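See below for the structure under consideration.
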Amino acid sequence: MSVYITTLDNLQETAQKILKEFSYNRIFGFYGEMGAGKTTLIKELCKILEIENVTSSPTFAIINEYWRKNGDPVYHFDFYRINSDEEVYGIGFRDYLDSDQYCFMEWTEKIEHLMHQSFVKVEILKVSETEREVICNIID
């Protein structure tokens, strides 16, 4: 699946398409250069999932937990500052993946070798300052 984002106005539509297309998936890995819009897209996905608390990038915390109106958690990881596999395991990474809850991971390329199950790869390509192409595929 590939979606072209020309303005932030169609970001909600893009997020809805992703959740609909991959409705049976709960693990999403986000790829893209710094400033491509990974956090912005995750915030929009969280809006659609009816997150009740404020979403923000977990760059320093590594993981943020958000709560949906239905009481289910959503986990948002940022692996940008991860330096070792031990750090990833130390936060209980496998338990989060096995929880059957939504897991949105930024900088997934840093921990992809630790994945033990399939996930949706969400690649955000910066076409210009205001335009993005979002390409989604299942990675087994």
Side-chain angles (χ1 to χ4, degrees):
M1 175 184 128
S2 180
V3 180
Y4 198 73
I5 301 173
T6 54
T7 68
L8 288 177
D9 294 339
N10 65 345
L11 187 60
Q12 181 181 27
E13 179 184 333
T14 299
Q16 287 172 332
K17 283 181 183 179
I18 291 170
L19 290 174
K20 183 178 179 184
E21 180 73 22
F22 301 101
S23 61
Y24 295 106
N25 301 89
R26 293 294 178 266
I27 302 171
F28 294 78
F30 292 78
Y31 295 72
E33 65 182 82
M34 186 77 73
K38 295 179 293 294
T39 302
T40 303
L41 181 53
I42 290 171
K43 285 181 179 185
E44 196 61 42
L45 291 164
C46 286
K47 277 187 202 174
I48 294 166
L49 292 172
E50 298 183 313
I51 294 299
E52 293 193 313
N53 48 326
V54 176
T55 57
S56 63
S57 178
T59 301
F60 295 101
I62 301 174
I63 181 169
N64 284 346
E65 293 184 13
Y66 311 128
W67 298 96
R68 299 174 67 185
K69 278 188 176 180
N70 68 6
D72 288 343
V74 171
Y75 304 114
H76 180 188
F77 300 87
D78 186 328
F79 294 114
Y80 183 74
R81 297 188 184 283
I82 285 291
N83 294 311
S84 70
D85 292 352
E86 289 75 25
E87 285 180 83
V88 177
Y89 289 126
I91 64 167
F93 179 65
R94 298 256 186 198
D95 293 332
Y96 288 111
L97 294 186
D98 292 338
S99 70
D100 201 32
Q101 302 300 327
Y102 281 98
C103 294
F104 298 133
M105 303 178 293
E106 296 186 49
W107 301 100
T108 311
E109 59 270 28
K110 295 189 80 175
I111 56 88
E112 191 173 299
H113 63 282
L114 303 176
M115 299 294 289
H116 66 285
Q117 60 203 85
S118 66
F119 65 97
V120 178
K121 179 179 183 178
V122 180
E123 187 173 9
I124 303 173
L125 305 172
K126 196 172 178 182
V127 177
S128 72
E129 286 305 312
T130 59
E131 298 174 307
R132 305 291 188 268
E133 183 176 5
V134 180
I135 302 167
C136 302
N137 298 297
I138 299 277
I139 303 295
D140 288 317

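Just so you know, these numbers come straight off a predicted model, no measurement behind them.
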If you round to the nearest 0.5 Å, how far is [atom2] of [Y] from [atom1] of [X]?
X: Glu123; Y: Glu109; atom1: CD; atom2: CD; answer: 9.5 Å
X: Glu106; Y: Met34; atom1: CD; atom2: CE; answer: 9.5 Å
X: Ile139; Y: Gln117; atom1: CD1; atom2: CD; answer: 13.5 Å
X: Gln16; Y: Leu11; atom1: CD; atom2: CG; answer: 10.0 Å

- Residues pairing under salt bridge (charged side-chain N to carboxylate O under 4.0 Å, His left out) where one sits in residues 83-99, two or more places apart or in two chains, turn out to be none
- Just jot down the side chain to side chain donor-acceptor pair (under 3.5 Å) partners of Glu52, sequence neighbours excluded, or say none. none
- What residues, two or more places apart in sequence or in another chain, satisfy side chain to side chain donor-acceptor pair (under 3.5 Å) together with Lys126? none
Hey, does [Y] have a side-chain heavy atom less than 4.5 Å from the side chain of [X]?
X: Leu45; Y: Val74; result: no
X: Met105; Y: Met115; result: yes
X: Asn64; Y: Asn53; result: no
X: Phe30; Y: His76; result: no
X: Tyr75; Y: Glu65; result: yes

- Message: Taking ring-ring contact (aromatic ring centres under 6.0 Å, His included) as the cut-off, I'd like each qualifying pair that reaches into residues 106-135, sequence neighbours left out, listed once.
- Response: Tyr80-Trp107
- Task: Flag yes if Leu19 and Trp67 sit in one hydrophobic cluster, no otherwise; membership is Ile, Leu, Val, Met, Phe, Trp, Tyr, and two members link when side-chain heavy atoms are under 4.5 Å apart.
- Result: no
To check you understand the geometry: which heavy-atom pair defines the closest contact between [X] and [Y], and what is its length?
X: Ser118; Y: Ile138; result: CB-CG2, 4.2 Å
X: Ile82; Y: Ser84; result: CG2-O, 3.5 Å
X: Thr108; Y: Gly29; result: OG1-CA, 3.1 Å

- Task: Taking the six-membered ring for Trp and the single ring otherwise, decide whether the centroids of Phe104 and Tyr66 are under 6.0 Å apart.
- Result: no
- Result of checking Ile91, Ile42, Val88 against Phe77 for side chain to side chain contact (heavy atoms under 4.5 Å, CB included): Ile91
- Quick one: do Glu50 and Asn70 satisfy side chain to side chain contact (heavy atoms under 4.5 Å, CB included)? Show the steps, please. CA-CA 8 Å; Glu50 298 183 313; Asn70 68 6; over 6 Å; no
Please confirm whether the backbone N or O of [Y] pairs with a side-chain atom of [X], one donor and one acceptor, at under 3.5 Å?
X: Arg132; Y: Ile124; result: no
X: Lys38; Y: Gly32; result: yes
X: Arg81; Y: Ile62; result: no

- Quick one: list whatever passes ring-ring contact (aromatic ring centres under 6.0 Å, His included) with Phe22, sequence neighbours left out. none
- Message: Show me the pairs that pass side chain to side chain donor-acceptor pair (under 3.5 Å) and involve residues 18-36, at least two apart or across chains.
- Response: Arg26-Tyr102, Tyr31-Glu112
